[in-house]
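Just below is one structure, and these are the notes that go with it.
Source: prediction; values computed, not measured. Sequence lines set the chain letters: A, B, ... in the order given, protein chains first and strands last, and positions in each chain run from 1.
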There are 2 protein chains.
Amino acid sequence: MIRVVAKFGGSSVGTIERIRHAAGLVAEAVARGETHAVVVSAMAGETDRLLGLAGEFGAGLGDAETDVALAAGEQVAAALMALALRERGLQSRSFLGWQAPVFTDGPPGAARIAGMEASAFEAAMAAGIVPVLAGYQGIAEDGCLRTLGRGGTDLSAAALAAALGARCDIYTDVDGVYTTDPRIEPAARRLDAISHDEMLELAAQGAKVLQARSVEFAKSRHVPMRVLSSFLAAGQSRGTDIVADRDIAERRVVSGVAYARDQARIAVLGGAPQSRFASETFAILANAGIGVDMIVQAHGREPDTVNLEFSVAHRDLDRAQSALEQGLPGLRIGSETGLAKVSVVGAGLRQRADVARSLFGVLGESGIAVKVLATSEIKISALIDNDAVERAVRALHAAYGLDRMGN
Amino acid sequence: MIRVVAKFGGSSVGTIERIRHAAGLVAEAVARGETHAVVVSAMAGETDRLLGLAGEFGAGLGDAETDVALAAGEQVAAALMALALRERGLQSRSFLGWQAPVFTDGPPGAARIAGMEASAFEAAMAAGIVPVLAGYQGIAEDGCLRTLGRGGTDLSAAALAAALGARCDIYTDVDGVYTTDPRIEPAARRLDAISHDEMLELAAQGAKVLQARSVEFAKSRHVPMRVLSSFLAAGQSRGTDIVADRDIAERRVVSGVAYARDQARIAVLGGAPQSRFASETFAILANAGIGVDMIVQAHGREPDTVNLEFSVAHRDLDRAQSALEQGLPGLRIGSETGLAKVSVVGAGLRQRADVARSLFGVLGESGIAVKVLATSEIKISALIDNDAVERAVRALHAAYGLDRMGN
């Protein structure tokens with residue numbers, strides 16, 4: 001018997017009718033002989049509403065009381081999903097984060113799952129009951145509620161799947177993982193399967209279908225995932241399997257093209273080559289909670305100086321710049337905005353040193369300047385002008401043959 | 001140091017501004033040297049909204065999943081109140097029913113408080129933190145959430161006050177307990193103090209300021225209560241103390257006049273005097289969950305027959321009548337609608353056998369017919385025509401001198 005944890009996000013439970021439809025998908029899977037547990041997000045808009053209420057008193061994400069308010073959103077959705085499943089003739093009951101319990105560590109608003117007790121779920125499923133876990137939440141060691149931050153419900157689902165030895169089906173508003181964003185490139189194709197590593201890079205480089213944290217968790221715990229649409233009728237969504245690298249049958253050099261708009265570039269200019277200014281730079285940014293991407297170190301204009309360049313999200317630019325100006329007196333800090341990042345991701349890049357050069361070539365032929373280039377094992381990213389994103393995505397998608405793949 | 005549990009109902013936390021105002025009342029009390037814990041209901045309208053969502057799936061009060069959804073309302077209010085108290089410069093944190101924990105037994109939607117662990121509250125208060133308990137909720141023995149039914153947050157507050165040895169301040173939209181409804185009798189006066197028993201009878205006879213269950217609990221656990229307005233500025237609401245009978249300084253024969261509209265009378269006619277038809281009647285109604293009030297047994301018209309008459313709420317009339325017709329074949333069931341109940345309540349009635357007679361006299365002089373009369377230790381109730389309620393309340397209020405009391 002196939003055991004599945006099905007996760008439904010906010011838009012999949014956004015209205016009474018959407019909850020009913022999601023319950024119908026579960027009921028059909030159970031009728032096919034699968035054993036199901038369900039994990040839900042708050043109804044679409046509810047998290048923002050609750051965050052707004054807490055915000056009226058000056059509390060944001062990171063405040064323990066904000067977590068108490070936010071967790072109520074998933075609580076209501078879990079109860080309603082259990083009722084909707086019963087309406088479909090199944091037995092069901094809800095489990096809140098503290099009832100499982102889901103143990104967390106880390107700060108309010110961004111907790112990590114430290115462990116999960118799944119015996120109550122095992123018992124429920126053995127008794128023919130579909131358990132519904134309220135996602136995004138757990139409890140700290142002191143018994144306080146914690147939320148898991150952005151994409152937290154995906155993480156709840158992956159953790160429950162790991163504990164139950166189940167596959168983790170992520171129901172969302174798209175029919176799987178695509179070679180790139182179909183709104184930009186109509187020839188984008190759904191992938192039948194992708195490795196955890198490739199999915200991780202696509203998520204990290206801007207693909208919004210899954211949060212990187214849940215994929216990391218699934219990879220480390222060997223949980224197979226599947227991305228499916230909750231907006232199609234049962235059996236209509238083919239989906240994409242996210243599996244261990246060794247389980248990918250068909251080898252491709254490149255699996256997808258991702259992009260992220262609204263990037264900025266910061267340059268720290270004129271550092272002494274032997275000084276610790278680079279490590280100080282990243283320590284300052286880490287203390288300010290600012291994520292840094294695409295780092296390049298190069299010779300400065302003045303003899304015996306070094307420039308450090310990196311990209312940050314545009315929304316972090318002002319904070320990053322003032323933190324650096326305070327923390328690095330004597331060094332000049334420059335910045336450039338209006339940038340975007342395009343990335344080519346594929347497990348096959350490991351053996352292909354020429355892809356970086358060809359990426360330069362493809363973008364150059366399209367008249368697109370590359371400001372910074374960064375590579376990892378299975379990804380190459382280029383920082384380009386914001387208004388060149390769509391041309392870059394289409395050119396790369398065609399150049400790597402993603403519109404012609406056999407799947 | 002005076003220790004107080006302050007309870008704020010739905011209208012007292014209905015908006016961000018109302019929550020701020022309530023927090024201000026607590027802050028001023030703390031500044032006066034009182035030690036406070038707070039208990040809150042859901043924001044006004046929220047319980048109905050959540051009940052409506054559960055109702056979309058056919059679940060009402062009494063379903064365990066409805067309780068899970070409803071408990072989220074008080075959860076959010078508790079978090080927001082803790083934030084509002086912090087905004088006033090106090091330290092504060094929320095406690096959900098399961099975190100205290102508040103132990104319950106009884107069914108979903110109408111659970112009873114079986115016990116409460118207050119050590120976390122003691123610790124918080126000792127550390128200068130104002131704990132905020134989410135009202136209306138607790139956990140069953142199996143760890144499932146339960147709600148306490150109508151007036152449940154008053155009960156949460158009374159239980160917490162009992163556990164802490166505190167006074168229980170119930171903040172509501174009126175400035176205390178009045179001799180009668182000021183909308184009917186402008187000469188109605190606020191009572192400085194009233195006994196638990198009198199308050200219980202007033203609540204049972206229709207006064208809406210407090211639910212009977214919380215007063216019963218407070219009486220049995222010797223918890224002093226105070227009813228106050230949350231709509232006045234700090235120090236402006238004098239309130240009414242609800243205390244043990246022996247602590248009432250000033251003896252009054254009558255403390256208040258209560259009324260309840262929309263009553264109906266049922267008559268079971270022609271029973272045999274020695275038969276068990278009366279006990280069968282009440283067993284049938286109890287099984288149907290219908291509350292019975294004002295019972296009178298009298299000789300029937302036919303020789304050797306007995307009539308049983310009693311009042312029920314109008315909304316229960318149809319169910320009561322069909323249950324009785326099914327359960328008592330051969331007996332005739334009659335009914336009368338358009339009735340109301342007026343009641344005179346006072347601890348001094350115990351020693352005054354003549355009050356029943358004088359009540360008949362007062363109503364008779366006003367041309368109001370008494371259909372059924374019922375007495376208890378400290379209350380006399382009369383069933384009258386619905387449209388005579390206002391005249392009856394005013395006549396009784398004047399006749400017992402409630403407009404002239406010295407408080």
* Answer yes or no: are there more than 12 heavy-atom neighbours, outside A/R3 itself, under 6.0 Å from its atom CZ? => yes
* Roughly how far, to the nearest 0.5 Å, is SG of B/C144 from CD of A/Q99? -> 6.0 Å
* Asked: Can you tell me how far the CZ atom of B/F57 sits from the CZ atom of A/R88, to the nearest 0.5 Å?
  -> 11.5 Å
* Within 6.0 angstrom of A/R315 CZ, more than 12 heavy atoms from elsewhere -> no
* Asked: Checking heavy atoms, do the side chain of B/E56, its backbone, both or neither come under 4.5 Å from chain A?
  -> both
* Mark yes or no for whether A/E65, through its side chain, and B/S94, through its backbone, hold a donor-acceptor pair below 3.5 Å. => yes
* Check: B/G58 main-chain N/O paired with A/E87 side-chain donor or acceptor under 3.5 Å -> no
* **A/L50, part contacting chain B, at a heavy-atom distance under 4.5 Å** => side chain
* Asked: Side chain, backbone, both or neither: which part of A/A71 has an atom under 4.5 Å from a heavy atom of chain B?
  -> both
* Structure fact -> Counting heavy-atom pairs under 4.5 Å with chain A, the top scorer among B/V76, B/L70, B/L83, B/L53 is B/L83
* Proximity breakdown for B/A23 and chain A, heavy-atom pairs closer than 4.5 Å -> neither
* Asked: So how far is it from A/Q75 CD to B/Q75 CD, rounded to the nearest 0.5 Å?
  -> 4.5 Å
* Heavy-atom distance under 4.5 Å to chain A: side chain of B/R86, backbone, both or neither? -> side chain
* To do: Heavy atoms only: give me the nearest B/A79-A/A69 pair and the separation to one decimal.
  => CB-N, 3.9 Å
* Of the listed residues (A/I139, A/L145, A/V132, A/D67), which shares the most heavy-atom pairs with chain B below a 4.5 Å separation? -> A/L145
